[in-house]
Number of protein chains: 2
Amino acid sequence: MSYGTANGHGLRARGERPARVGGLEPIAAPHTRTDQVLRALTDAIVEGRLVPGTLHSVASLAEQLGVSRTPVREALIQLSRRGMVGFERNRGVRILETTIHDLEQIFEIRLWIEPPATHQAVRRMGAREVEVVRHHFEAMLAAARRDRLAEMWRHDRALHRAIIQASGNLRAAQYLDGLRDLVLMRGATTVGRARSPLEIVEDHRPLVEAIEAGDAAAAAEEMRRHVRTTADLVLALERGERAGTPGGTA
Amino acid sequence: MSYGTANGHGLRARGERPARVGGLEPIAAPHTRTDQVLRALTDAIVEGRLVPGTLHSVASLAEQLGVSRTPVREALIQLSRRGMVGFERNRGVRILETTIHDLEQIFEIRLWIEPPATHQAVRRMGAREVEVVRHHFEAMLAAARRDRLAEMWRHDRALHRAIIQASGNLRAAQYLDGLRDLVLMRGATTVGRARSPLEIVEDHRPLVEAIEAGDAAAAAEEMRRHVRTTADLVLALERGERAGTPGGTA
DNA sequence: ACGTAGCGTGTAGCATGCTACTCTGCTCTT
DNA sequence: AAGAGCAGAGTAGCATGCTACACGCTACGT
C-alpha cells in the first residue's frame, strides 16, 4: 500500500498532463490535492454541510475526502487565515461562526471598495464584459424563477466578480470573493427565505442597466445602494433571529 | 507586522469556548513553529535578505531555520496566498517580485479603503486614540531626523494602522497591513533615498492635524492626498529604476 | 559540428510516523 | 457521597519517508 490506497475517490492523480497536441494551451490548471481539498471544504462550509460551531479532526476530514492528512491540513490553514475555521490545539478544528460584528465589518469593506471599483470597471468595460454581466443577471433570474437557490447565488457571485474584475484589479476581486464566502456562510439560507429570490435578483437590475448604459457614476451609485440594501437585509435578519444568543461580546 | 494564526480576528466559536473564570487571560499566544517561521520568512523577504526572483528549496530554508520542512512549507503556503512567494512544481519556491502592476493595484485598493475608513475613524476617536496617532507622528519625525529609516517606517505603519483600527474595522486594518508589507518589500529602500525622510514624514502632517481637529472630512481628504502622493512617488521611482528587469509574478 | 535522447540530481507534493498535550471519565481516597 | 488523582483515548503539530516529475548535462547518432 504504497501509493494507491486512498486514490479512488475522484481526486485526480498527481501529475496528469492533459497533453494537448496541436493547440497552444500552455498547461492545464496544475490543480494540486490541496487546492481540491480547499475547494471542497470551502463549499462544504459555505453550503452549511459543515456546521458552524462543530469540532472536527483533520484525520476524519481527510478520511471523508479520501486523501491523507497533509493536504487537508494545508487547506485548513488557508481557511483559518480567512477566518472560516479555527485550530484548537490537541482538540480539533472548529468551524467558526461568522459573528454579526464580522458581518458589519465585511459589508463596510464592501461598501468602501465595490462602488469605486464599479466606477472604474464601467469605464474600462468592453462589449464582451458587459455581455458577461448581463448573462449572469439573466441566469440569476432564471435560477430564481425555478427556485434554484444555490445556482442563483453562484451567478450572483459571478456577476459581482465579473464587475470587479473588469476594474482591472484582480487582487481586489479575489479579496472580495473571500468576503462574500463569509457572508454566504451565514446568510445564504436565511436571506433566501426572508425575501423572495426574485426580489434579490431584481435588486441588481438598476446596476446592470447602468453598466449597460455605460454610466459609470450611476453604476457606482447603484452598486452602493445594492450593497447597502443587502447589508441592511442580512444584518436585520441575523440580529432578529439570534436574539437569545449569548452575544454580549459583539 | 503581519499576524500569525487565526487568533487575531473577531470570529468566535458558537459555544462559550473562552470559559473565563476569574479575571484571567485565557492563555498566552500558542506560538507554533509555523507562526515563527512565517514571521521569520516575512521579515527576511520584506528586508530583502531573501532576494526577489531567487529560487529556494523548502529543505534548504528549513535547514537554515533549524526546523523540519513541514512548518516551513505551511508558512510558505500562506506567503504564497499573499503573493510574496510562488511554488514551482518540482523546482522550488521563488521569491516573487512585487511588480509595478501589483503596486498599482495595491495603491488603488488603499485609495479606496483608507479615506472612508479615516473618515469613520475620526468620528469614533477619543482623546487617547488621537494621542497615539500624534505619538507615532512625532516618533516618525524624530527617527527621520536621526536617519533611522527602519524605525521611521515602523512608526509609519503603526500610525496608519492606528487610524484604520480606530474605524473599528479590524479586518480592514489587517488587510491593509498585509498590503503595506508588499509595498515595503519593493519600495522601502528606494523611496527612502529618493525623497528626504523628513519630506515623507511631513507629508503626514496635514492628516494628523485634521485628525486632531476632529475634522473627519478633512482627514479623509488628507489621507486620500497622502496615499496618492505616496503612490505617485513609489510608482514613478520604480518605473524609472527598473527598466529592463524580468518581472516574475505568477 | 549540431541536434537529441537518456540519465542523474534535486524538488514539490503527498503520505505516514511520532510526541506532547488536552479532555473525559473512571477509580480510589477521605 | 463527594472530591481528587489517574489512565486512556484522541488530537494538533512536527518530523520524516516516499514518489513522480522537471531540468541540466553528457554522450551518442547524424
Side-chain angles (χ1 to χ4, degrees), chain A residues 1-19 26-38 40-41 54-81 85-96, chain B residues 4-7 13 15-19 21 26-38 40-41 54-81 85-96:
Chain A
M1 62 185 258
S2 56
Y3 210 73
T5 40
N7 275 354
H9 291 68
L11 292 179
R12 249 198 316 179
R14 196 143 72 79
E16 254 174 82
R17 264 182 311 185
I27 31 171
H31 269 218
T32 66
R33 268 190 174 58
T34 298
D35 286 331
Q36 298 175 12
V37 171
L38 178 60
L41 288 176
T54 57
L55 195 61
H56 305 261
S57 77
V58 176
S60 71
L61 293 172
E63 196 183 9
Q64 290 176 52
L65 291 166
V67 298
S68 79
R69 309 194 311 264
T70 303
V72 175
R73 177 170 161 82
E74 289 176 354
L76 284 170
I77 285 173
Q78 299 186 48
L79 289 177
S80 154
R81 207 61 161 76
V85 305
F87 282 93
E88 297 183 12
R89 196 186 181 97
N90 299 327
R91 295 246 312 145
V93 182
R94 193 173 298 276
I95 312 299
L96 294 182
Chain B
T5 23
N7 263 351
E16 308 99 293
R17 275 262 99 224
V21 184
I27 266 185
H31 238 26
T32 66
R33 283 257 203 306
T34 298
D35 287 330
Q36 298 175 8
V37 171
L38 177 61
L41 289 177
T54 57
L55 195 61
H56 305 261
S57 77
V58 176
S60 71
L61 293 172
E63 195 182 11
Q64 291 176 50
L65 291 166
V67 296
S68 79
R69 311 195 309 264
T70 304
V72 175
R73 176 170 162 83
E74 289 175 354
L76 285 170
I77 285 173
Q78 299 186 47
L79 289 177
S80 156
R81 261 293 184 172
V85 305
F87 283 93
E88 298 184 11
R89 200 187 182 93
N90 299 329
R91 295 250 309 148
V93 182
R94 192 173 298 277
I95 312 299
L96 293 183

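A, B, ... follow the sequence lines: proteins, then strands. Residue 1 opens every chain.
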Task: Residues B/Glu74, A/Arg73: salt bridge by 4.0 Å N-O rule - done: yes
Rounding to an integer number of Å, can you tell me how far [X] [atom1] sits from [N] [atom2]?
| X | N | atom1 | atom2 | answer |
| --- | --- | --- | --- | --- |
| A/Phe87 | C/dA20 | CZ | C1' | 18 Å |
| B/Arg33 | D/dA12 | CZ | P | 18 Å |
| A/Arg94 | C/dC23 | CZ | P | 11 Å |
| A/His31 | D/dC21 | NE2 | C1' | 19 Å |
| A/Arg73 | C/dC14 | CZ | P | 15 Å |
| A/Gln78 | C/dG13 | CD | C1' | 14 Å |
| A/Asn90 | C/dC18 | CG | P | 18 Å |
| A/Glu88 | C/dC23 | CD | P | 9 Å |

For the side chain of [X], counting heavy atoms from C-beta on, which of [options] is nearest?
| X | options | result |
| --- | --- | --- |
| A/Pro71 | C/dC14, D/dC23, D/dG13 | C/dC14 |
| B/Val93 | D/dG13, C/dG13, C/dA12 | C/dA12 |
| A/Glu74 | C/dA12, D/dC14, C/dC14 | C/dC14 |

Task: B/Arg91: partners by side chain to side chain contact (heavy atoms under 4.5 Å, CB included), with sequence neighbours left out - done: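 Checked B/Arg91 against side chain to side chain contact (heavy atoms under 4.5 Å, CB included); matches are B/Leu55, B/Glu88, B/Arg94.
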Task: A/Arg89 side chain near D/dG13 phosphate (N/O to OP1/OP2, under 4.0 Å) - done: no
Open item on the list: Need to verify one output field. Residue with the more 5' nearest nucleotide on DNA chain D, B/Arg91 or A/Val58?
Closed with: A/Val58
Open item on the list: Can you give me the closest heavy-atom contact between A/Ile77 and B/Gln78, atom names plus distance?
Closed with: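 The answer is CG2-NE2, 3.4 Å.
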Task: Nearest atoms (heavy-atom pairs only) where A/Val37 meets A/Pro71 - done: CG1-O, 4.2 Å
Open item on the list: Contact list please: residues 60-70 of chain B against DNA chain C, heavy atoms, distance less than 4.0 Å, in numerical order.
Closed with: B/Arg69
Are [X] and [Y] side-chain neighbours, meaning at least one heavy-atom pair lies under 4.5 Å?
| X | Y | value |
| --- | --- | --- |
| A/Leu76 | A/Leu61 | yes |
| B/Leu41 | B/Leu65 | yes |
| B/Thr54 | B/His56 | yes |

